[in-house]
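The structure under discussion appears below in the form of structure tokens.
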Amino acid sequence: MGSMTPELLLIAAGVAGYLLGSIPFGLVITRMLGLGDIRAIGSGNIGATNVLRTGNKGAALATLILDSGKGAIAALLARFVLAATMSHDLGVEAGIIAGACAVLGHNFPVWLGFKGGKGVATTLGTLLATAPYVGLAACGVWLLTAVVTRYSSLAALVSLTAAPVLAWFLATPAHAAAFALLAALAWIRHRENLRRLLNGSESRIGDKKKKA
């Protein structure tokens, strides 16, 4: 790595993060369990919320953990490798870039024609890995909002919107800027959910059996 410039190393971290984030764990798990193609179920999303619509809570939990994990692993690997070989500051920057690119990979996976999920779990994994206190606080905001409103999509948007504000006080301006971009991406990816929230047709957590 000594012959590579810091810019090239950051690009490499981003590419590696994107490729890791592109692994569609929701699709892989549901197919392995014989639950069908998750893209033909519910919203067609490859994330844990849609996997839960198959009725298999174990598959949904596994998807949640793996989708969160790929953001965290991308960020941690990039950070530790570059911190060990170059500098601490470059490692921190690489971790943020790799984690953010893992979210892009989940949302726009090269293996699925760039049609993926919404990136909430992968974003939370990235937050936990790059700024643990921010990540824990964001998870707390998600849980509180989900309990009060029973809207998973609203909980995601509220928690990810809070993340850059929390990062400003608990981390660094660089973290806040990166988390603001991820929050903006989440809002764009949830535009259909926003429409349903506004017209009152968005499904609530636990509504599956009633609708069935």
Minimum heavy-atom separation for [X] to [Y], with atom names?
X    : Y    : value
A74  : A102 : CB-CB, 4.0 Å
A155 : T145 : CA-CG2, 3.6 Å
L112 : L27  : CD2-CD2, 3.7 Å
I96  : A178 : CG2-CB, 3.4 Å
A156 : H190 : CB-NE2, 4.3 Å

Can a side-chain donor-acceptor contact be found between D89 and S87 if the only test is distance below 3.5 angstrom?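 No, no side-chain donor-acceptor contact under 3.5 Å.
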
Test item: [X] side-chain N/O and [Y] main-chain N/O as donor-acceptor pair under 3.5 Å:
X    : Y    : value
R196 : S203 : no
R204 : T149 : yes
N50  : I41  : yes
T63  : G47  : no
R189 : N107 : yes
S159 : C139 : no
K70  : G21  : yes
T54  : V51  : yes

Other hydrophobic cluster members with L143, side-chain heavy atoms of Ile/Leu/Val/Met/Phe/Trp/Tyr under 4.5 Å, chained? W142, V147

Grouping I, L, V, M, F, W and Y whenever their side-chain heavy atoms are under 4.5 Å apart, do I11 and Y18 come out in a common cluster? yes

Which pairs, with at least one residue in residues 157-186 and sequence neighbours excluded, count as a ring pair (Phe, Tyr, Trp, His ring centres under 6.0 Å)?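 Output for this query lists H175-F179.
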
Side chain to side chain, L185 and L104, heavy atoms closer than 4.5 Å: yes

